[in-house]
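Inspection log for the structure reproduced underneath, given as structure tokens.
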Amino acid sequence: MQKISVLLFLAWVSFLFYAGIALFTSGFLLTRWELTNHSSCQEPPGPGALPWGGRGEPGACWMASRFSRLVLVVIDALRFDFAQPQRSPVSGEPPVSLPFLGKMGFLQRLLESQPHHARLYQAKADPPTTTMQRLKALTTGSLPTFVDAGSNFASSAIVEDNLIKQLSSTGRRVVFMGDETWNDLFPGVFSQALFFPSFNVRDLETVDNGIMKHLYPTMDSDEWDVLITHFLGVDHCGHKHDPYHPEMAKKLTQMDKMIQGLVKRLKNDTLLVVTGDHGMTISGNHGGESELETSAALFLYSPRALFPSAPAEVSRFLHTYSATAQDLQVQELHRLQKLFSKASADYQRLLQSPQGAEAVLQTVIPELQQFLRGVRAMCIESWARFSLSFLLLHLLAAGIPITTPGPFTVPWHAVFAWALMATQTFYTTGHQPVFSAIQWHAAFVGVSESRDFTWLSAFLVGANTFASHILFAVGCPLLLLWPFLCENQGSQKRRQPPGNEAEARVRPEEEQEPRMEMRLRDAPHHFSAALLQLGLKYLFVLGIQILACVLAASILRRHLLVWKVFAPKFIFEAMGFIVSSVGLCLGIALVMRVDGAVSSWFRQLVLTQQKAGEQSSLVCTGAGSSARKAQPHLLPPCSQDLLASGTSLFYNSRS
């Protein structure tokens, strides 16, 4: 019963850590639910009549199409100041000369010469400012997160309602060329596609030159309705060099000439959109929330005037998401819905009565801006809520008192060394706490390629990755031998002091002390306590490791290092802790099972010796009577022989 209590207590402590990991993960990984609802032409976006009477016109859905074709150019990491027009220097001030300023002069000329046909905006990107998360945000209109929970958990493909699938479902021919990330997000959607690998950030030319080779011939053909390109040279130049390197000027000049060639080929019914998915820091990196990283350029141009009148605003996402996830604040949701209803009513009144439009418009614009800011803030609070519950549970688990189990205390430095050896073995066997370093070839060891062994393959990969955690956790109870190993040499020296070697050689056998782990038999009531103490110490050391990852990820929770380093590191540490805790319980259970078998054998040995002693005492009674009369303090010769043989058998069995 005492051994079962030890295992249950260790399992309860492990559960506290599991709960803390789960609570922190739910907030740290910025998880949200993906909605599978899709808009259709049969479902109006809101109450009231639609502007421009679009539902009855051919090729129209909610409203008439303003343009028949779209050219979307994504220039990765196109920061706003890369495309911002440069003012003429004030007299007396030296001109600012930086490699990334003033290199897109064609955009500036369009903005100055055709103000009704060209617009340049500063787009604000929500962190994390990494390419895949930003593409999800641009095509779905939602906030980027680290994990999008839903039906595509095992894939990066977008299942939410998005612009690309809507265009494809309405019969538009969508052609793509550029970054292969689009193939992962929208598999099988494009009518034509030319994908280029984006892994080699030191390559500035391959992707861009490949796009340029096919871009203009595709533009001149009549085989597309939506043409999407994704250039990577500017982003790779920032990673390889920085924005201040002369190569950045060359790449921006190349992009400016590319846009100039597109504008020459645009027809009146075509809209050109040039945008960056995010910005970059002064060192050329991105992923965080700094001003330079979240600042991106958005340029619009068409031979036709862009905006004949104010566009309509619609909202239906909040209602559907709140009914599905139920993690948005109810009071704030009601307030935003009331605000949007009022803004919608004012907007409808503006459409129906042009008189006093200026005053009504000054009311509608702040209301809609306040609504959008409130929606963004509420979604960020829900999808990016960081919990400190893990820290509290860790302190609770660490505050469990640990009793001292007599002479079998394993020192802290031995436990720390054991845990560090597990970590060292993880790295020395070629593993890294990143997903790209997982040794997937382990999934096919001993598995026939002709059969599908999904679970077996997953087990093999997991066992290969966390082999060091498993081995050292299962072998952790062996640390109970540490005190005996440390004192063994010292006890031998004490038995053989200098100058007394001859006396030590003639020392009686019965004065020998119990050696090594067999001393546990002298104090069996301390054995379970020793295992419990050792298990708690090992869990505490593992908890310190994962707590360090939690603190580092919390401090840098909105920086690039979180998504590139600390998030994978936290996931690996969490999985390693779970595997190690399970292995620790199995190892302790195995040691308890062996201890039970040894205890049973030891009891049988003692009973056998007692029976043999009783039988020998009867034989020695007559022989020893005369000896006791002559020398009462001496045992009979046969009793001395029996004691010597029993002592020898006992210590031989222990060793």
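Counting from 1, the numbers follow the sequence of the chain as shown. Please read these numbers as outputs of a predicted model, since none were measured by experiment. Below, each value reflects all heavy atoms present in this structure, side chains not excepted, and no hydrogens, waters or symmetry copies.
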Practice task
Would you sort out whether Leu215 and Leu227 count as a side-chain contact (heavy atoms from CB on, under 4.5 Å), showing the intermediate values?
Solution key: CA-CA 9 Å; Leu215 177 58; Leu227 176 60; 3.8 Å; yes

Exercise for the section: Could you list the residues that satisfy ring pair (Phe, Tyr, Trp, His ring centres under 6.0 Å) with Phe572, not counting sequence neighbours? Expected result: Phe435

Handout entry: Which residues share a side chain to side chain donor-acceptor pair (under 3.5 Å) with Arg119, sequence neighbours left out
Key = Tyr121

Practice task
Please tell me if the side chains of Tyr427 and Pro433 come closer than 4.5 Å, counting only heavy atoms from C-beta onward.
Solution key: yes

Completion exercise
Scanning both residues in full, the closest heavy-atom pair of Glu573 with Cys549 reads CG-SG, 3.4 Å

Exercise for the section: If the plane angle is over 60° it's perpendicular, under 30° parallel, otherwise tilted; pick one for Phe371 and Phe340. Expected result: tilted

Problem - Heavy-atom closest pair, residues Phe176 and Gly178 - result: CE2-N, 3.5 Å

Practice task
Could you list all the salt bridge (charged side-chain N to carboxylate O under 4.0 Å, His left out) pairs where at least one residue sits in residues 220-239, not counting sequence neighbours?
Solution key: Arg69-Asp222, Arg173-Asp225, Asp220-Arg265

Practice task
Rounded to the nearest 0.5 Å, what's the gap from OG1 on Thr270 to CZ on Phe67? Could you check?
Solution key: 9.0 Å

Exercise for the section: Compare every heavy atom of Asp161 with every heavy atom of Asn37, then report the nearest pair and how far apart it is. Expected result: O-CB, 3.4 Å

Completion exercise
d(Glu160 CD, His38 NE2) to nearest 0.5 Å is 8.5 Å

Exercise for the section: Please name all residues satisfying salt bridge (charged side-chain N to carboxylate O under 4.0 Å, His left out) with Lys124, sequence neighbours left out, ordered by chain then number. Expected result: Glu291

Exercise for the section: Name all residues meeting the side chain to side chain donor-acceptor pair (under 3.5 Å) criterion together with Glu180; count only those two or more places apart in sequence or in a different chain, and write none if there are none. Expected result: none

Handout entry: Trp224 (side chain) donor-acceptor with Thr218 (main chain) under 3.5 angstrom
Key = yes

Problem - Any Met177 side-chain heavy atom under 4.5 Å of Phe231 side chain - result: no

Handout entry: Close side-chain approach of Val71 to Met219, heavy-atom, < 4.5 Å
Key = yes

Problem - Side-chain heavy atoms of Asp126 within contact of Thr294, under 4.5 Å - result: no

Exercise for the section: Output, in order, the C-alpha distance, side-chain angles, deciding distance and verdict of side-chain contact (heavy atoms from CB on, under 4.5 Å) for Phe80 and Leu120. Expected result: CA-CA 9 Å; Phe80 176 69; Leu120 178 64; 4.0 Å; yes

Fill in the blank from the handout: The reported gap from CG in Asn162 to OG in Ser169 (rounded to nearest 0.5 angstrom) is 9.0 Å

Exercise for the section: Would you confirm whether Gln370, through its side chain, and Glu367, through its main-chain N or O, come within 3.5 Å as a donor-acceptor pair? Expected result: no

Practice task
Quick one: list whatever passes side chain to side chain donor-acceptor pair (under 3.5 Å) with His431, sequence neighbours left out.
Solution key: Thr429, Asn464

Fill in the blank from the handout: Sequence neighbours excluded, the answer for salt bridge (charged side-chain N to carboxylate O under 4.0 Å, His left out) partners of Lys240 is none

Practice task
Check whether more than 12 heavy atoms from other residues, nucleotides or ligands sit under 6.0 Å from atom NZ of Lys165, and answer yes or no.
Solution key: yes

Practice task
State whether the side chain of His117 and the backbone N or O of Ser302 hold a donor-acceptor pair below 3.5 Å, judged by distance alone.
Solution key: yes

Exercise for the section: Over all heavy atoms of both residues, which pair between Ala137 and Ser142 is shortest? Give the atoms and the distance, please. Expected result: CB-O, 3.2 Å

Problem - Single hit among Val73, Leu72, Leu300, Leu70 for side chain to side chain contact (heavy atoms under 4.5 Å, CB included) with Leu272 - result: Val73

Exercise for the section: Report yes if the side chains of Leu252 and Val234 come closer than 4.5 Å at any heavy-atom pair, otherwise no. Expected result: yes

Problem - Partner set under side chain to side chain donor-acceptor pair (under 3.5 Å) for Thr139, not counting sequence neighbours - result: none

Exercise for the section: List for me each residue that meets salt bridge (charged side-chain N to carboxylate O under 4.0 Å, His left out) alongside Asp81, sequence neighbours excluded, and say none if there are none. Expected result: Arg79

Practice task
Please say whether more than 12 non-hydrogen atoms of neighbouring residues, nucleotides or ligands are located less than 6.0 Å from CD1 in Ile282.
Solution key: no

Exercise for the section: Could you go through the side-chain hydrogen bond (donor to acceptor under 3.5 Å, both in side chains) check for Asp76 and His236 one step at a time? Expected result: CA-CA 9 Å; Asp76 208 294; His236 287 188; over 6 Å; no

Exercise for the section: Would you check, one step at a time, whether the test side-chain contact (heavy atoms from CB on, under 4.5 Å) holds for Thr131 with His230? Expected result: CA-CA 11 Å; Thr131 297; His230 191 155; 3.9 Å; yes

Exercise for the section: Taking all heavy atoms of Thr281 and all of Ser290, pick out the closest pair and write down the distance. Expected result: CG2-OG, 4.2 Å

Practice task
Check whether any side-chain heavy atom of Met104 sits under 4.5 Å from a side-chain heavy atom of Ile259, and report yes or no.
Solution key: yes

Problem - Non-hydrogen side-chain atoms of Asp277 and Thr275 separated by less than 4.5 Å - result: no

Problem - Backbone of Thr129 reached by a side-chain donor or acceptor of His286 within 3.5 Å - result: yes

Problem - side chain to side chain contact (heavy atoms under 4.5 Å, CB included), paired with Leu262, selected from Lys264, Met258, Gln260 - result: Met258

Completion exercise
Separation between OG1 (Thr229) and CG (Asp179), nearest 0.5 Å, reads 11.5 Å

Exercise for the section: Not counting sequence neighbours, which residues clear salt bridge (charged side-chain N to carboxylate O under 4.0 Å, His left out) with Glu112? List them please. Expected result: none

Practice task
Quick one: do Gln166 and Arg172 satisfy side-chain contact (heavy atoms from CB on, under 4.5 Å)? Show the steps, please.
Solution key: CA-CA 9 Å; Gln166 284 288 344; Arg172 302 297 198 276; over 6 Å; no

Fill in the blank from the handout: Minimal heavy-atom distance between Pro243 and Met280, with the atoms involved, is CG-SD, 3.5 Å

Practice task
For residues 186-197, pull every pair meeting salt bridge (charged side-chain N to carboxylate O under 4.0 Å, His left out), keeping only residues two or more places apart or in separate chains.
Solution key: none

Completion exercise
Distance col, row Asp242:CG vs Glu247:CD, nearest 0.5 angstrom, shows 11.5 Å

Handout entry: Any Val273 side-chain heavy atom under 4.5 Å of Phe299 side chain
Key = no

Practice task
Rounded to the nearest 0.5 Å, what's the gap from CZ on Phe196 to OG1 on Thr181? Could you check?
Solution key: 13.5 Å

Practice task
Keeping the roles fixed (side chain from Ser295, backbone from Leu292), state whether a donor-acceptor pair exists under 3.5 Å.
Solution key: no

Problem - Pairs satisfying salt bridge (charged side-chain N to carboxylate O under 4.0 Å, His left out), at least one member in residues 192-216, at least two apart - result: Glu205-Lys251, Asp208-Lys251

Handout entry: Short side-chain to backbone donor-acceptor contact, Lys257 and Met255, under 3.5 Å
Key = no

